[in-house]
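Note that ligands are numbered from 1 as they come in the structure, with each ligand's atoms numbered from 1 the same way. Because the structure is predicted, anything quoted here is derived from the model rather than measured.
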Amino acid sequence: MSIIILGIESSCDDTAAAVLRDGEILSNCIASQEAHRAYGGVVPEVASRAHQENIVPVVDLALNKAGVKKEELSAIAFTQGPGLIGSLIVGVSFSKAFAMSLGIPMMAVHHLQAHVLAHFAEHPKPAFPFLCLTVSGGHTQIVLIRDFLDMEVLGRTLDDAAGEAFDKTGKLLGLDYPAGPEVDKWAQLGQPLFEFPEPKVPGLDFSFSGLKTSILYFLQDAIKENPQFITENMAGICTSVQQRIVSILLKKLRKAAQQTGIREIAISGGVSANSGLRRELEKLGREEGWNTYIPKIEYCTDNAAMIAVTGYYKFLKGEFAGQDVTASARLEW
Ligand code: KG4
Ligand code: ZN
């Protein structure tokens, strides 16, 4: 008999649902919240209200697209954390009630482990052990994956995440939220005209807060000389910042590959949608003789397919959550 999993993701500002049958994605639906644009960032209270409105229609859509009736579901997987507590609570409460009403088990999923396992929603799949650079709006990590549910974080950011570095740079430049994709668009039009410093961080850890400060001072000085500096140099600034962020990320990834001797190398998380990171990783992979794994864009940013996939492996191992499970904004590995 088939194993059919419904995955639900609601950790930030996207309400998502996906259906997976025997490890293959049948549907992957998402309701993105536009309301936050006006505020220049995610407003937690607005996000949780929107999740409440979106969750039933998105789950319905995912089941319909998959051609699956709710009675056919084997289990429900949901994001337990980390994330915004009000957003998480909506997905967790919905999943608990739905699973109870259907009399089926549930799997509580760690959002960052799911970003890593997004690679198993498509082909080709990485072979174990592999390394994954997980770069999102809230996290930047190098993860060693020994098996589906056996992962170790080798390095992480000490302050801002890579996505925050993109978003905060974009905000300084007056670009719309979320600014990561906007910086990426501009960076495809320019040349790296400006030099931004590389942080000195030991080991496999990262730091992006110094870069943000240096961009701020650079722009303040340049605007004093020429008030039109940003509008006249948008592409050049974005290209330079993007190149620096990508070089910081790939330098540590290369170091991790050298230290572990692993040549199966993946990226995941929202920032892995970045065209510069994707291009430079492919280039570095060819130079280093790595097998590189770069997800389709829909599996880079927050999605429920990755939650369903992670839930599937938990289902196979019998790792079920009880009705006493709660959302956790700072969920540990
Ligand atoms: O994984 P994700 O969708 O949500 C979190 O779990 O945080 O990541 C969102 C982050 C945001 O910071 C967004 O600006 C960034 O990913 N992002 C990008 C691009 N697309 C999304 N950053 C740079 N270039 C992109 N193309
Ligand atoms: Zn995410």
Side-chain angles (χ1 to χ4, degrees), residues 7-16 18 28 30-33 36-37 40-42 44 47 51 78-84 87-88 91 109-119 121 132-141 143 156-157 160-173 175-189 206 208 211-212 238-250 266-281 294-307 309-310 329-331:
I8 293 178
E9 153 64 28
S10 71
S11 64
C12 190
D13 60 340
D14 293 318
T15 322
N28 186 30
I30 190 154
S32 297
Q33 303 175 5
H36 306 281
R37 279 185 192 275
V42 176
H51 283 304
F78 59 86
T79 305
Q80 185 186 6
L84 298 172
S87 293
L88 290 165
V109 170
H110 191 290
H111 183 82
L112 292 168
Q113 289 186 349
H115 267 305
V116 171
L117 294 183
H119 286 281
C132 187
L133 171 71
T134 305
V135 270
S136 72
H139 297 84
T140 299
Q141 299 180 331
V143 186
R156 51 166 54 87
T157 183
D160 290 351
E164 273 176 289
F166 273 107
D167 293 340
K168 288 177 178 174
T169 300
K171 204 166 183 175
L172 290 173
L173 296 172
L175 297 175
D176 274 352
Y177 168 86
E182 295 295 312
V183 172
D184 190 357
K185 271 186 217 153
W186 279 102
Q188 292 174 43
L189 306 172
F206 300 91
F208 288 99
L211 177 64
K212 179 188 64 190
C238 289
T239 311
S240 310
V241 172
Q242 178 165 302
Q243 195 181 63
R244 175 51 78 210
I245 295 173
V246 169
S247 78
I248 293 169
L249 293 171
L250 291 184
I267 53 173
S268 70
V271 179
S272 62
N274 182 264
S275 64
L277 179 58
R278 296 167 84 87
R279 188 182 57 239
E280 292 304 315
L281 176 65
I294 302 175
K296 269 200 283 191
I297 301 288
E298 69 175 300
Y299 298 138
C300 290
T301 45
D302 287 347
N303 65 87
M306 67 184 193
I307 307 301
V309 169
T310 310
R330 296 181 175 276
L331 187 65

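Among the atoms of His139, none of the N, O or S atoms falls under 2.8 Å from the Zn ion (ligand 2).
Within ligand 1, counting atoms from 1 as listed, the ones closer than 4.0 Å to a heavy atom of Gly138 are 7 (O).
Between the side chains of Ser247 and Arg244, at least one donor N or O sits under 3.5 Å from an acceptor N or O. Thr134 and Gln141 form no side-chain donor-acceptor contact under 3.5 Å, judged by distance and modelled atom types alone.
For Cys132 against Ile267, the heavy-atom pair with the smallest separation is SG-C, 4.0 Å.
Counting only heavy atoms of the protein, atom 13 (C) of ligand 1 lies nearest to Asp167 OD1, 3.8 Å. In terms of protein heavy atoms, atom 22 (N) of ligand 1 is closest to Gly180 CA, 3.5 Å. Ranking protein heavy atoms by distance to atom 26 (N) of ligand 1, first place goes to Asp184 OD2, 2.8 Å. In terms of protein heavy-atom proximity, atom 1 (O) of ligand 1 is nearest to Gly270 N, 3.0 Å. Here the heavy atom of the protein found nearest to atom 7 (O) of ligand 1 is Gly137 N, 2.8 Å. Of all protein heavy atoms, the one closest to atom 24 (N) of ligand 1 is Asn274 ND2, 3.0 Å.
Selection from Val246, Asp302, Val135, Thr134 by nearest heavy atom to atom 2 (P) of ligand 1 gives Asp302.
In this structure a side-chain-to-backbone donor-acceptor pair under 3.5 Å is present from Ser10 to Ser87.
Closest approach between the Zn ion (ligand 2) and any N/O/S atom of His115 involves NE2.
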